[in-house]
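Report on the following structure.
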There are 4 protein chains.
Amino acid sequence: MVPSDTVTRILDAAEVLFAEHGFSETSLRRITGRAEVNLAAVNYHFGSKQALIQAVFFRYLDPFSADLHQRLDALEADETGACDLEGLLDTLFTSVLEMPSEGHDLRTFMKLLGLAYSQAQRHLRDELRNRYGDIFSRFLKLLRRATRELADDERFWRLHFMLGSVIFTLSGLNTLRDIAEHDYHQRITIRELAQRLKPVALNALRAPVTEVASNAMTAQHADQVTCYPRTGTHS
Amino acid sequence: MVPSDTVTRILDAAEVLFAEHGFSETSLRRITGRAEVNLAAVNYHFGSKQALIQAVFFRYLDPFSADLHQRLDALEADETGACDLEGLLDTLFTSVLEMPSEGHDLRTFMKLLGLAYSQAQRHLRDELRNRYGDIFSRFLKLLRRATRELADDERFWRLHFMLGSVIFTLSGLNTLRDIAEHDYHQRITIRELAQRLKPVALNALRAPVTEVASNAMTAQHADQVTCYPRTGTHS
Amino acid sequence: MVPSDTVTRILDAAEVLFAEHGFSETSLRRITGRAEVNLAAVNYHFGSKQALIQAVFFRYLDPFSADLHQRLDALEADETGACDLEGLLDTLFTSVLEMPSEGHDLRTFMKLLGLAYSQAQRHLRDELRNRYGDIFSRFLKLLRRATRELADDERFWRLHFMLGSVIFTLSGLNTLRDIAEHDYHQRITIRELAQRLKPVALNALRAPVTEVASNAMTAQHADQVTCYPRTGTHS
Amino acid sequence: MVPSDTVTRILDAAEVLFAEHGFSETSLRRITGRAEVNLAAVNYHFGSKQALIQAVFFRYLDPFSADLHQRLDALEADETGACDLEGLLDTLFTSVLEMPSEGHDLRTFMKLLGLAYSQAQRHLRDELRNRYGDIFSRFLKLLRRATRELADDERFWRLHFMLGSVIFTLSGLNTLRDIAEHDYHQRITIRELAQRLKPVALNALRAPVTEVASNAMTAQHADQVTCYPRTGTHS
DNA sequence: CATGAATGAGGCTTCATTCAT
DNA sequence: TATGAATGAAGCCTCATTCAT
């Protein structure tokens with residue numbers, strides 16, 4: 001039941017090295033070397049390098065997924081909050097930031113997430129979609145309630161714009177932070193970054209919808225798009 | 001001067017394969033195989049795999065950089081436009097989208113850009129910063145004029161939020177487009193995506209600035225943060 | 001005394017897998033996997049992989065050896081039959097075919113026997129010769145009585161010709177049967193194959209002996225080849 | 001065109017080691033060690049271990065196949081000989097024995113052939129059948145003319161009985177020869193063995209056909225089987 | 001200018017076995 | 001009696017690179 005010391009040590013080493021150098025660029029030898037563990041132990045405990053990569057993600061995302069589920073339960077219990085975009089984003093941010101993360105680093109993990117998307121790890125993306133599709137769908141459904149004015153496809157793309165912002169900045173945080181520190185003499189924390197991101201994300205999601213000249217556009221969509229009194233932001 | 005056929009064929013093959021499988025995951029054998037070129041040709045013409053990777057980027061970014069310079073010249077000539085955020089973004093988008101790109105695919109290149117950021121290609125990032133620092137600085141300066149209300153550091157982060165949106169969505173475009181097509185029966189083009197992105201980016205950059213509770217923040221600073229028309233940080 | 005369930009399960013699994021994939025190509029992992037038994041159980045119960053291989057043979061050959069001994073007892077008791085080649089072969093065939101073989105398959109075992117001869121399993125051949133030398137010698141002695149016209153060395157080689165026929169066809173039975181079924185629409189059983197083999201073996205053992213042109217052979221000897229009733233070597 | 005020295009050295013080493021220890025039991029390291037060649041050379045020149053195994057066979061069988069084709073041409077040109085079983089077998093034996101075999105050993109190759117049949121080398125058997133199916137079919141057709149009295153299926157099985165005799169005795173020749181030498185003080189050559197085998201094979205093919213009580217037996221087959229004037233040998 | 005051959009290093013995986021429990 | 005964990009050795013294969021031609 002309890003993961004053996006060896007398993008934990010391998011996961012710890014892999015997490016850091018993967019984040020730092022990428023998956024392909026990190027050899028099992030290096031991982032087991034850092035973990036001070038026999039090379040064959042990886043295959044014994046995980047079966048393959050691919051499985052190890054997935055295990056690194058699961059160890060992080062499983063608790064997160066559970067935590068976010070709980071928070072969404074609470075959010076749904078509160079009738080008024082259910083449709084509030086800001087509240088929804090707050091919930092998400094809180095869940096991400098408050099993860100116990102014994103020893104893990106959010107930054108490290110975000111780099112991994114960035115890698116997962118950009119590197120050719122089809123197996124990983126499939127597995128993540130498979131394993132965390134539920135929580136993602138649930139969040140998406142709430143987001144829909146909170147952004148009724150958006151067409152489904154529009155919301156889809158905006159959500160991924162935001163996802164890109166998060167993953168890109170967090171996964172490249174080390175580099176970016178160095179630049180920022182050098183240019184603006186300010187060392188930012190992840191929490192501060194989240195605070196900066198929130199209003200941006202809010203405003204982005206609430207941006208007015210421009211008519212997109214699509215091939216497949218239906219009349220209804222077109223209607224929804226134009227009549228669209230937005231609040232808050234301004235041109 | 002004129003790149004030999006061999007060189008071009010190698011670059012073409014490398015561009016596609018790198019984008020599809022990542023740098024480390026693409027062997028020279030595969031590249032030369034696709035290019036129908038001798039294995040040793042890569043080292044002969046480029047010297048090393050790293051140099052080939054850089055060459056792929058240079059071939060794309062050099063013309064783009066020149067093109068954007070020209071467009072910014074025109075923009076600066078027009079006094080009124082110089083401070084218009086929308087105009088600036090339009091210029092950028094146009095330059096990106098109108099790149100002659102003989103045979104190249106914008107999507108392909110964006111995937112490469114995503115890889116360059118997430119993968120452990122220190123040498124590449126350094127070289128890109130070195131070679132295209134000028135055009136980036138120039139754009140940043142204009143952006144600054146167009147967003148005077150933003151503190152420098154705030155602008156810095158928001159710019160990277162936007163960069164993340166672009167790179168993430170474009171580099172993962174194939175996947176995302178498939179999902180969108182499946183769920184919303186709508187096959188999007190890059191141009192349409194740009195159209196969707198523009199209002200979002202605009203609104204994101206113009207989002208109100210929230211107080212950031214920094215560790216090193218002094219009380220005065222905290223006050224300044226809430227009032228909207230920016231003061232605070234310094235030029 | 002009674003082999004534990006674990007032991008039996010291992011032997012069963014090993015028998016099938018060895019026959020199907022060869023000794024070296026079958027890992028203990030696979031065997032214990034199929035047997036649903038702990039990996040270490042093989043080394044615990046048998047000591048080593050080699051010992052397991054031998055045990056598989058012993059389990060089959062020990063009862064067979066005992067059975068054949070009994071049948072030869074009966075044959076020897078009958079004075080007339082002792083010198084009848086057909087009777088001797090019948091006895092052998094019967095013993096082979098009537099083996100109780102609880103759960104074992106004659107075909108499976110013949111494949112193992114083929115492997116034992118062709119694969120580099122010195123230890124195994126030595127052990128088999130050691131353990132079953134007696135019954136083999138006894139059979140050979142009877143065969144000698146039944147084929148007095150053959151020189152010892154001639155008999156030796158012919159016996160192995162026959163052995164080759166048996167082992168080769170039975171060990172490759174699956175494949176050959178498939179071909180035969182495809183080409184001649186006839187699915188043969190092991191018993192039918194034995195029936196086909198018997199006259200062939202009989203006739204083969206009784207073939208006229210040709211003069212063997214040894215290195216030092218003179219021209220005259222060569223002439224002798226055509227004349228039928230054998231002369232030449234002898235015991 | 002001319003196989004490089006490296007290629008030949010690898011093939012030579014592989015041939016001997018495979019024959020001596022089997023395919024799985026012979027590592028590429030050992031082969032390249034014996035051939036005094038870089039380990040990676042095998043993969044460079046052959047692509048994989050499997051391909052190397054096949055190449056070993058091709059090097060031997062390609063010339064043999066060509067030679068046998070020629071001899072069969074000659075045999076068919078001679079009208080009278082075309083239907084003579086003894087002549088046909090002589091042709092085959094001659095072709096096998098007279099193979100130039102620069103440096104190769106027939107015995108070595110026969111061991112390989114034995115391995116090919118008994119070991120789990122599906123890929124090899126398929127490739128052999130594919131590549132040498134023609135010459136085999138041609139021989140079979142001639143054999144059919146020479147053994148008109150045999151039903152097709154009967155001939156099929158008897159042919160494989162003979163094949164088993166050949167492969168088994170030749171592939172185990174070293175061992176058997178040692179025994180024979182010890183027991184009968186006679187060191188046999190391959191040619192002598194062939195001479196011993198010939199009359200046995202002839203008589204085996206000409207053995208009287210016994211009625212086989214098959215499930216699927218048709219009336220015609222039954223007829224063919226019984227009416228069967230045999231010559232020569234007898235029970 | 002180009003290439004076929006070759007190479008040393010290192011990749012992941014699997015193996016049979018051992019040992020503490 | 002049985003087992004989960006661990007291990008050193010070795011397996012095959014692929015890599016980027018070099019070099020003589």
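The figures here come from the full heavy-atom set of this structure, side chains too, leaving out hydrogens, waters and symmetry mates. Throughout, protein chains are lettered first and strands after them, A, B, ... in sequence-line order, and every chain is numbered starting at 1.
Put simply, OG1 on Thr8(A) and NE2 on His45(A) are 10.0 Å apart, with the number rounded to the nearest 0.5 Å.
Between the CD1 atom of Ile10(D) and the P atom of dC12(F) there is a distance of 13 Å, rounded to whole Å. Summarising the geometry, the separation between NE2 on His45(B) and P on dA16(F) is reported as 18 Å, rounded to the nearest angstrom. Spacing between atom CG of Asp5(C) and atom P of dT1(F) amounts to 14 Å, rounded to whole angstrom units. The separation between Phe23(B) atom CZ and dA16(F) atom P is 14 Å, rounded to whole Å. Remark: P of dC12(F) and CZ of Arg30(D) are 12 Å apart, rounded to the nearest angstrom.
Nearest-nucleotide mapping onto DNA chain E: of Asn38(B) and Leu39(D), the residue sitting toward the 5' end is Asn38(B). Residue order along DNA chain F, read from the 5' end via each residue's closest nucleotide, puts Val37(C) first among Val37(C) and Val42(D). Comparing Ser48(C) and Ala41(B) by the nucleotide of DNA chain E whose heavy atom lies nearest to each, the residue mapping closer to the 5' end is Ala41(B). Residues Ala40(A) and Ala40(D) both approach DNA chain F. Their nearest nucleotides, taken by heavy-atom distance, put Ala40(A) toward the 5′ side.
Looking at Leu124(B) and Leu115(B), their side chains never come closer than 4.5 Å, going by heavy atoms from C-beta outward. Leu28(B) is listed as a side-chain neighbour of Ile31(B), based on a closest heavy-atom distance under 4.5 Å.
Legend: residues meeting side-chain hydrogen bond (donor to acceptor under 3.5 Å, both in side chains) with Arg131(C), ordered by chain and number and at least two apart, are Asp62(C). Judged as a ring pair (Phe, Tyr, Trp, His ring centres under 6.0 Å), and not counting sequence neighbours, the contacts of Phe57(D) are Phe109(D). Annotation: side-chain contact (heavy atoms from CB on, under 4.5 Å) contacts of Ala19(D) (sequence neighbours excluded): Thr108(D), Lys111(D), Leu112(D).
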Under 3.5 Å for both distances, Watson-Crick or G-U wobble, that's the pair rule; now give the dot-bracket for DNA chain F, with | marking pairs to another strand and [ ] for crossing ones. .||||||||||||||||||||
Pair up each side-chain donor or acceptor in residues 37-44 of chain D with any protein partner under 3.5 Å, not counting sequence neighbours, and list the distances.
unit_1: Asn38(D); atom_1: OD1; unit_2: Ala40(D); atom_2: N; d: 2.7
unit_1: Asn43(D); atom_1: ND2; unit_2: Gly47(D); atom_2: O; d: 2.7

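For Arg29(D), no side-chain nitrogen or oxygen approaches OP1 or OP2 of dA10(F) to under 4.0 Å. Contact annotation: Ser27(D) side-chain N/O to dA10(F) OP1/OP2 distance is not under 4.0 Å. Residue Asn43(D) places no side-chain N or O under 4.0 Å from the OP1 or OP2 atom of dC12(F).
In terms of heavy atoms, Arg30(C) sits closest to Glu25(C) at NH1-O, 4.4 Å.
The side chain of Leu28(D) has dC12(F) as its nearest neighbour among dC12(F), dC15(F), dG4(F).
Nucleotides of DNA chain E lying under 4.0 Å from heavy atoms of chain A occupy a range whose first and last members, 5' to 3', are dG11(E) to dT14(E).
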For Leu11(A) and Tyr60(A): C-alpha separation, side-chain torsions, deciding distance, then whether side chain to side chain contact (heavy atoms under 4.5 Å, CB included) applies. CA-CA 10 Å; Leu11(A) 284 172; Tyr60(A) 195 98; over 6 Å; no
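The residue Thr32(C) sits apart from the nucleic acid: no heavy atom pair falls under 4.0 Å.
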